[in-house]
Amino acid sequence: MHTHLAARMVGRALPLLLVLTGHLVVRGALLEDLTRLQPGRSRRVTSTMRAGPDGKYDPQAPPRADRDERSNFDNFRVPPGATQVVMNVKGPGVITHIWFTFLGPEPQAWAPNGSANHQEMLLRIYWDGHPRPAVEAPVGDFFANAFGERREVISLPVVVEDADSYNCFWRMPFRQSARMEIINQSEKPISLLYYNIDWIELDKLPANTPYFYAQYRQEYPAVSGQDYVVLETRGRGHYVGTVLSVRTRSPAWFGEGDEKIWIDGEAQPSIWGTGTEDYFLSAWGLKTTSTPFFGVPYFDQWGIVGGHTSAYRWHLADPIVFQKGIKVAFEHYGWISPDENPDYKSTSWNEREDDISSVAFWYQTGTPTFAARAPHARERRLPSLERMIVYARDFLSPAHHGAGDAISQRLAVHETPQMLYRPPSASNAWVEIPFTVTNKEPLRLLLRGTTSYDFGRYQPYLNGIKLGGPLDFYSAEIAAREFHLLDFWPEPGRYVLRLEAVGQNPQSQGCYLGLESVRLRERRPRVQAYGHDKDKDWRKAPQLYR
């Protein structure tokens, strides 16, 4: 009876999955377990203030409990390069809940120079003194928050409420010991790190209890001719989740590639999906959403060069079971523009060269054989795609705009200050940003701007050539947005991008314009290799591939 109850403690929720004599047994709903007595003793490891005789923090001291304000100093500042051990306990036991919070990367009163972002913070968890961590992933990616961006996640095993409280409820059993640490791989400190880690101390665990694992890996860009591998390991267990993040390097839709899963060493994958969005339980593409079993916390813009998408899929009611081993991979196929196709065709089935990262979540017995390791935060940061950035804040003088004034303004939605142009109306309202091209190569011209409740509509021109239709800078809430304008092979020389006000959205309160920068973004090397558009005159037929 004791063994049966211990096994229940390492199960998962909704429905709970018990590991009994090597078989997975589906049980009733989560609340049903509350009617049964549980084994063990609950414990918690926290960042609460513990003061030694000298008044300084002492992890062995009891919590400070007096009326002095220092009793409320329940957090840590972790300097660049330092490691904060947040848990180091003896087993057997099972971790039932992890909660972290810390300041975001933006400058604020508690951290005037900003702080590390969660992509630069590496989470490692070790079981039973093993030298290799069982969990190794950036804190953000582990909690389904990729690209260093904070996004809300409302799911069963992972909840990031209001994009700043990081919770997970994965059951993590251990026999001898559990050590959890966060390594600050940023050049800035981790500021105000708070944590609570709940676990249950047990007398023993069943002999066949599997361990929890999570491993990050990346390819910048995806390797040509090979599927993107999320996990490959030998042993016995079940696969329970994927976080997949893609930064696009080509126009159009990246997600036609199928998931492919090989079970127990088979030569061909017996589980073969129908498309990336289908694996993440969506259809006809992906959009921002959050559900108990799947979601897309971050999706910025559809079909652009440099777009970001991050999705999670938890296999809670449908774990992927293996007896000898498993390999999980994704094809990286999708639509691309004709200038990236050797036959100058736009089709749905082209191998793409996007930047991909992932975290695999699984349980298994035996020692995993997956060789992947998380690179340093310097290598996890996405490489820049910009050939040129011209900041609008450098062109505030009246020579570069029409009626009204222009000021420099710092907003949280941009890393650098923007130009805020404030014309009284659309009449004689315009902005010009000059730039110089030195080499002829395939590039994409775009604006990084702001949308807001009092912004107008502006028509873009390049050297007097009209580019597409008017751009609407209105939105009910202040947000960052990229406006992609042109794919071309510009000749070396001087160019002027002009934005002319043509009115405003009926819901807008004005014709203001927020502009952070004008950018020339690189295209994939194959665009230059094929050279389909090299000799075309962009002035006669301006082209933007979508």
Side-chain angles (χ1 to χ4, degrees), residues 42-89 95-126 133 135-146 148-153 158-170 172 178-199 214 374 377 380 412:
S42 289
R43 295 196 177 271
R44 174 178 288 181
V45 179
T46 81
S47 59
T48 190
M49 178 57 178
R50 299 172 184 271
D54 58 358
K56 297 181 180 180
Y57 179 82
D58 180 355
Q60 306 303 319
R64 180 167 181 153
D66 56 36
R67 298 181 65 85
D68 191 289
E69 187 181 16
R70 286 174 293 179
S71 290
N72 193 40
F73 293 175
D74 298 329
N75 59 76
F76 293 92
R77 296 178 183 266
V78 186
T83 296
Q84 180 69 37
V85 177
V86 298
M87 182 181 193
N88 193 8
V89 301
I95 296 172
T96 57
H97 171 234
I98 299 170
W99 169 83
F100 293 130
T101 193
F102 41 84
L103 293 187
E106 67 280 356
Q108 51 185 288
W110 288 101
N113 297 319
S115 306
N117 71 51
H118 58 209
Q119 187 188 43
E120 300 169 326
M121 302 159 58
L122 188 65
L123 174 66
R124 285 178 174 158
I125 306 177
Y126 300 81
V135 172
E136 184 182 60
V139 167
D141 297 69
F142 181 82
F143 289 92
N145 269 234
E149 296 287 335
R150 287 186 155 197
R151 292 294 185 272
E152 186 167 77
V153 176
V158 173
V159 178
V160 186
E161 181 270 336
D162 198 29
D164 59 11
S165 68
Y166 299 72
N167 294 270
C168 93
F169 297 90
W170 294 112
M172 305 181 188
R179 176 186 171 90
M180 187 182 307
E181 61 188 30
I182 293 177
I183 303 97
N184 182 6
Q185 297 181 329
S186 175
E187 296 177 355
K188 297 182 178 181
I190 301 173
S191 301
L192 306 190
L193 171 64
Y194 294 82
Y195 56 85
N196 289 314
I197 304 168
D198 296 300
W199 65 289
R380 296 197 298 270

Got a donor-acceptor contact below 3.5 angstrom from the [X] side chain to the [Y] backbone?
X	Y	result
Glu181	Thr83	no
Gln119	Arg380	yes
Ser47	Asp74	yes
Asn145	Arg151	yes
Glu152	Asp162	yes

message: Is there a side-chain contact (heavy atoms from CB on, under 4.5 Å) between Ile98 and Met87? Walk through the geometry before answering.
response: CA-CA 10 Å; Ile98 299 170; Met87 182 181 193; over 6 Å; no
Partner of Met180 under side chain to side chain contact (heavy atoms under 4.5 Å, CB included), chosen from Val45, Val85, Val86: Val86
task: Indicate yes or no: at least one non-hydrogen side-chain atom of Tyr195 is less than 4.5 angstrom from one of Phe102.
output: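 Answer no - side chains too far apart.
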Give the table of side-chain donor-acceptor pairs shorter than 3.5 Å for residues 105-115, with sequence neighbours excluded, one pair per line with atom names and distance.
from, atom 1, to, atom 2, distance (Å)
Glu106, OE2, Gln108, NE2, 3.3
Ser115, OG, Ser191, OG, 2.7

message: I'd like to know whether Ile182 forms a side-chain contact (heavy atoms from CB on, under 4.5 Å) with Leu123, so could you lay out the CA-CA distance, the side-chain angles of the two residues, the decisive distance to 0.1 Å, and finally the verdict.
response: CA-CA 5 Å; Ile182 293 177; Leu123 174 66; 4.2 Å; yes
- prompt: Yes or no on side-chain contact (heavy atoms from CB on, under 4.5 Å) for Asn184 and Gln84, after CA distance, side-chain angles and deciding distance?
  reply: CA-CA 8 Å; Asn184 182 6; Gln84 180 69 37; over 6 Å; no
task: Please report the C-alpha distance between Phe100 and Phe142 in whole Å, then the side-chain angles of each, then the deciding distance to 0.1 Å, and finally whether the side-chain contact (heavy atoms from CB on, under 4.5 Å) criterion is met.
output: CA-CA 12 Å; Phe100 293 130; Phe142 181 82; over 6 Å; no
All side chain to side chain donor-acceptor pair (under 3.5 Å) counterparts of Asp164, not counting sequence neighbours: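 With sequence neighbours excluded, Asp164 shows a side chain to side chain donor-acceptor pair (under 3.5 Å) to no residue whatsoever.
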field: Approximate separation, where rounding is to 0.5 Å, of Cys168 SG and Phe143 CZ
entry: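 Spacing of SG (Cys168) from CZ (Phe143) equals 5.0 Å.
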message: With a 6.0 Å cut-off on the ring centroids, do His118 and Tyr166 count as close?
response: yes
